[in-house]
Amino acid sequence: MGVTKEIVESTLTSKLNPTHLEVIDTSGGCGASFAIEIVSDQFEGKKLLERHRIVNAALAEEMKQIHALSIKKAMTPAQWKPEPSSNDAQPSA
């Protein structure tokens, strides 16, 4: 069987200890393509390319079966600002 969303989540959680992680299987269920959004202290002081390399290295075994990995966001906790909900919006004066 191919790589599952749960396997990717488990691997990234154990290796990068993210404060936020979203993994989306974009392959239609066959496990060949994933989109990832990840926030981790391990990205502190690293450039974007280095962050992507860290994620790819963490998924080295899984990458043998994954054909496409899209890292949508790789941020530090300080950079991570969740989208404000519409309830948080302040009316303009």
Side-chain angles (χ1 to χ4, degrees):
M1 186 174 160
V3 176
T4 65
K5 172 186 172 199
E6 291 76 20
I7 290 171
V8 173
E9 288 173 342
S10 175
T11 300
L12 290 174
T13 298
S14 68
K15 293 186 178 179
L16 300 181
N17 193 27
T19 55
H20 170 78
L21 176 62
E22 183 176 352
V23 178
I24 300 168
D25 183 344
T26 57
S27 67
C30 72
S33 179
F34 294 92
I36 295 174
E37 190 174 277
I38 185 167
V39 178
S40 174
D41 286 322
Q42 292 192 33
F43 299 145
E44 198 67 52
K46 305 281 194 286
K47 294 182 179 182
L48 184 60
L49 182 58
E50 293 172 292
R51 295 173 185 193
H52 284 223
R53 287 179 176 154
I54 290 168
V55 173
N56 280 299
L59 293 171
E61 278 303 307
E62 291 79 1
M63 289 303 291
K64 294 175 183 175
Q65 297 179 55
I66 295 173
H67 298 285
L69 181 67
S70 176
I71 303 170
K72 299 292 186 184
K73 292 181 183 175
M75 303 173 142
T76 65
Q79 294 171 319
W80 175 245
K81 304 266 191 273
E83 298 284 326
S85 68
S86 58
N87 295 341
D88 294 340
Q90 299 294 323
S92 55

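Heads up: numbering here begins at 1 and tracks the sequence. This one's a predicted model, so the numbers in the text were calculated from it and none came from an experiment.
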K.L.:
According to a 4.5 Å side-chain heavy-atom criterion applied to Ile, Leu, Val, Met, Phe, Trp and Tyr, with indirect links allowed, do Met63 and Val3 form part of one hydrophobic cluster?
P.N.:
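Yes; tracing contacts between hydrophobic side chains, which count when under 4.5 Å, links both residues.
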K.L.:
Report the distance from atom CD1 of Ile54 to atom CG of Leu16, rounding to the nearest 0.5 Å.
P.N.:
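Reported value, rounded in 0.5 Å steps: 7.5 Å.
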K.L.:
Test side chain to side chain contact (heavy atoms under 4.5 Å, CB included) on Ile38 and Lys73 and set out the steps.
P.N.:
CA-CA 6 Å; Ile38 185 167; Lys73 292 181 183 175; over 6 Å; no
K.L.:
Step by step, work out the side chain to side chain contact (heavy atoms under 4.5 Å, CB included) result for Phe34 and Ile24.
P.N.:
CA-CA 6 Å; Phe34 294 92; Ile24 300 168; over 6 Å; no
K.L.:
To the nearest 0.5 Å, what is the distance between CZ on Arg51 and OG on Ser40?
P.N.:
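Going from CZ on Arg51 over to OG on Ser40, the span is 9.5 Å.
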K.L.:
Output the distance between atom CH2 (Trp80) and atom NE2 (His20), rounded to the nearest 0.5 Å.
P.N.:
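Taking CH2 in Trp80 and NE2 in His20, the distance rounds to 3.5 Å.
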K.L.:
Sub-3.5 Å donor-acceptor pair from the side chain of Ser10 to the main-chain atoms of Glu6, do we have one?
P.N.:
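No, because the side chain of Ser10 does not come within donor-acceptor range (under 3.5 Å) of the backbone of Glu6.
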K.L.:
Nearest 0.5 Å, what's the OG1-NZ distance between Thr11 and Lys15?
P.N.:
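The distance works out to 6.0 Å.
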K.L.:
Just how far is it from atom OG of Ser27 to atom NZ of Lys5, taken to the nearest 0.5 Å?
P.N.:
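Rounded to the nearest 0.5 Å, the OG-NZ separation comes out at 12.0 Å.
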K.L.:
Using side chain to side chain contact (heavy atoms under 4.5 Å, CB included), reason through Asp41 and Thr76 one step at a time and then give a plain yes or no.
P.N.:
CA-CA 5 Å; Asp41 286 322; Thr76 65; 5.9 Å; no
K.L.:
How close do Thr26 and Ser33 get, counting heavy atoms only, and between which atoms?
P.N.:
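Reported closest heavy-atom pair: OG1-OG, 2.7 Å.
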K.L.:
Provide the closest heavy-atom pair for Pro18 versus Thr13 in the form atom of the first, atom of the second, distance.
P.N.:
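Closest approach of Pro18 to Thr13, heavy atoms only: CD-CA, 3.6 Å.
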K.L.:
State plainly whether one hydrophobic cluster holds both Leu69 and Leu48, where clusters connect Ile, Leu, Val, Met, Phe, Trp and Tyr through side-chain heavy atoms under 4.5 angstrom apart.
P.N.:
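Different hydrophobic clusters.
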K.L.:
I need the minimum non-hydrogen distance between Gln42 and Lys46, along with the two atoms involved.
P.N.:
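Closest approach of Gln42 to Lys46, heavy atoms only: O-CG, 3.8 Å.
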K.L.:
Just wondering, do Leu21 and Val39 contact through their side chains at under 4.5 Å, heavy atoms?
P.N.:
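Side-chain contact under 4.5 Å: no.
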K.L.:
Any donor and acceptor pair, going by atom type alone, linking the side chain of Gln65 with main-chain N or O of Glu62 inside 3.5 Å?
P.N.:
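Side chain of Gln65 to backbone of Glu62: no pair is present.
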K.L.:
Could you state the interatomic distance from CD (Gln79) to CZ (Phe43), rounded to the nearest 0.5 Å?
P.N.:
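These two atoms lie 10.0 Å from each other.
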K.L.:
Run the side chain to side chain contact (heavy atoms under 4.5 Å, CB included) test on Asp25 and Val8 for me, step by step, so that the C-alpha distance in whole Å, both residues' side-chain angles and the decisive distance to 0.1 Å come before the verdict.
P.N.:
CA-CA 10 Å; Asp25 183 344; Val8 173; over 6 Å; no
